[in-house]
2 protein chains.
Amino acid sequence: MIIIGERINSTRKPITAALEARDADHILNEARRQWEAGAAYLDVNTAMMRSAEAEVMTWVIELIQDELPEALVAIDSANPAAVEAGFKAHKGRPLLNSINGEKERMDALMPLIREYNPRVIGLTIDDGGISQDADNRYRIGAELIELLLENKISLDDIFVDPLIFPVSAELQAGNVSLAIIRRLQQNYPGVHTVCGLSNISFGLPERKLINQVYMILAMGHGLDAAIIDPLDRRMMASIITTTTLLGQDRVCRNFLKAYRGGEFNLDPVPATAAE
Amino acid sequence: MIIIGERINSTRKPITAALEARDADHILNEARRQWEAGAAYLDVNTAMMRSAEAEVMTWVIELIQDELPEALVAIDSANPAAVEAGFKAHKGRPLLNSINGEKERMDALMPLIREYNPRVIGLTIDDGGISQDADNRYRIGAELIELLLENKISLDDIFVDPLIFPVSAELQAGNVSLAIIRRLQQNYPGVHTVCGLSNISFGLPERKLINQVYMILAMGHGLDAAIIDPLDRRMMASIITTTTLLGQDRVCRNFLKAYRGGEFNLDPVPATAAE
């Protein structure tokens with residue numbers, strides 16, 4: 001399972017404040033804790049810095065990689081200037097979060113993808129908007145894969161996000177995304193699928209419980225990457241256990257290591273754990 | 001999800017003692033609590049009563065149905081005399097737990113099945129023993145279904161148990177049973193699949209966590225019945241949440257009812273929750 005740590009995101013107020021103040025300690029602390037908790041990528045979103053987005057992206061990436069030379073960043077931006085600044089600053093191959101099927105965004109970002117050869121997240125949305133229809137979202141994902149392959153990005157470097165609607169609004173929302181994940185994995189073996197999960201539980205109580213259960217279901221259908229908070233210990237315990245049950249943990253080594261490390265000694269669930 | 005409550009089982013010492021003493025209060029208390037927690041069937045196993053197995057089976061079934069007239073029993077025995085005694089005592093259609101592909105067992109139980117028309121659990125084991133091979137266990141399950149259909153048991157009254165090996169002993173054990181469940185549901189739409197889950201976690205710590213996660217995965221592959229302890233509140237919370245996420249809970253009614261009923265106010269997980 002490829003964990004993309006979501007915490008360094010300028011839509012979170014403490015992060016905005018830390019970015020504005022160039023508070024290196026705060027950002028590094030967030031980076032280090034996620035890295036130590038098992039994140040393969042640290043997502044960095046600096047969009048709320050507006051005109052300084054590109055400059056702050058550069059600052060954060062250099063800050064993180066100076067301190068954690070092996071850490072990789074998911075450059076989370078739709079702004080070509082910030083994306084390019086991130087690509088330039090990054091050592092090793094970053095993950096671009098994200099492209100989608102919208103022509104304008106694609107035209108702006110594809111030249112940078114060709115030049116810098118990052119790994120890429122593709123969202124299943126296009127100029128027709130976000131569709132609730134499984135066939136439609138699958139089609140957009142398949143078209144994105146084909147386009148990236150034509151541009152010399154290999155299947156192992158492509159992550160497709162099936163997108164998720166709230167189950168409170170649409171009874172089949174969970175099943176639709178599970179079906180898209182399974183179909184992408186079957187038709188493009190080796191491609192990655194990735195989700196930000198929290199939309200599934202929108203409008204309901206006990207959101208953390210719902211997100212956790214949906215993560216397990218999605219992994220059972222082939223999801224192999226997720227944008228989450230790696231400091232959420234219950235979520236991480238679910239992921240480790242699921243990986244073991246799906247036959248991806250020889251002699252249960254990771255499970256037993258996590259057990260011995262106390263990772264299943266969880267705090268009580270508060271009555272209303274909604275985030 | 002069809003819950004079969006597993007607690008009234010003579011392999012549990014307090015139950016053996018209660019059965020030996022014909023302690024109606026103890027047995028009724030176990031029955032009532034499971035029934036109120038949502039069990040559709042109450043499993044009754046009196047095998048440890050040996051020569052009195054049939055007599056005690058009759059006593060327990062009458063006891064339960066006098067107190068809870070709508071409760072149904074899963075008659076858990078391989079002993080034809082106890083099975084027949086159970087069928088005779090039971091009001092409404094019981095569930096037989098279980099037949100399998102062994103010729104001797106089948107020859108003894110099939111005449112009773114034809115006479116009493118119960119619902120039936122079929123285990124994917126035959127005279128060749130228990131196979132670790134998915135194709136082999138699927139084949140046994142399919143043959144059991146065909147045989148029961150020939151004997152006028154309808155698909156909706158057949159529950160196939162794919163059996164589960166410990167993931168600690170066999171890396172693919174979890175995947176094998178998931179594949180059997182999916183294949184049975186695809187090829188015999190309307191048939192039920194059922195599991196006793198706890199074998200999956202044998203030999204590992206944190207067994208309750210593992211069982212819970214495997215339940216979610218199995219439901220994601222089509223499992224629609226389970227032999228569990230309905231008083232295990234974490235397991236029940238997982239089942240309710242999974243049902244909602246799989247689109248089987250219109251307007252999230254059951255999820256919200258469970259939430260309002262405090263069913264997600266869970267106690268802390270003890271550090272070593274192995275059973």
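Below, read A as the first sequence line, B as the second, and so on, with proteins coming before strands; counting in each chain starts at 1. Basis for what follows: all heavy atoms, side chains included, without hydrogens, waters or symmetry-related copies.
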Do any of residues 121-133 of chain B come closer than 4.5 Å to chain A, heavy atom to heavy atom, and if so which ones, in number order?
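Contacts with chain A: none.
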
Does anything in residues 179-188 of chain B reach chain A? List residues with heavy atoms under 4.5 Å apart, or say none.
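When heavy atoms of chain A are the reference, residues 179-188 of chain B contributes B/Arg182 within the under-4.5 Å range.
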
What's the separation between atom [atom1] in [X] and atom [atom2] in [Y], rounded to the nearest 0.5 Å?
X        : Y        : atom1 : atom2 : value
A/Ile216 : B/Gln212 : CD1   : CD    : 8.0 Å
A/Ile210 : B/Thr244 : CD1   : OG1   : 7.5 Å
A/Asn175 : B/Leu245 : CG    : CG    : 9.0 Å

Quick one: ring pair (Phe, Tyr, Trp, His ring centres under 6.0 Å) partners of B/Phe159, sequence neighbours excluded?
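Residues passing ring pair (Phe, Tyr, Trp, His ring centres under 6.0 Å) with B/Phe159: B/His192.
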
For B/Leu256 and A/Pro205, work out which heavy atoms get closest and say how close.
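Looking at all heavy atoms of both residues, the closest pair is CD2-CD, 3.6 Å.
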
Between A/Ile200, A/Val251, A/Thr242, which shows the greatest number of heavy-atom pairs under 4.5 Å with chain B?
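Greatest number of close heavy-atom pairs with chain B: A/Thr242.
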
With chain B, which of A/Ala173, A/Cys252, A/Gly262 has the greatest number of heavy-atom pairs at distances under 4.5 Å?
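Heavy-atom pairs under 4.5 Å are most numerous for A/Cys252.
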
Inspect the surroundings of CZ in A/Phe165 and state if more than 12 heavy atoms from other residues, nucleotides or ligands are less than 6.0 Å away.
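Yes, CZ of A/Phe165 has more than 12 neighbouring heavy atoms, counting only those of other groups under 6.0 Å.
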
Mind checking side chain to side chain contact (heavy atoms under 4.5 Å, CB included) for A/Gln248 and listing every partner two or more places apart, or none if nothing turns up?
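Residues passing side chain to side chain contact (heavy atoms under 4.5 Å, CB included) with A/Gln248: A/Thr243, A/Leu246.
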
If we define contacts as heavy-atom pairs under 4.5 Å, which of B/Leu178, B/Thr241, B/Val176 has the most with chain A?
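Option with the top pair count is B/Thr241.
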
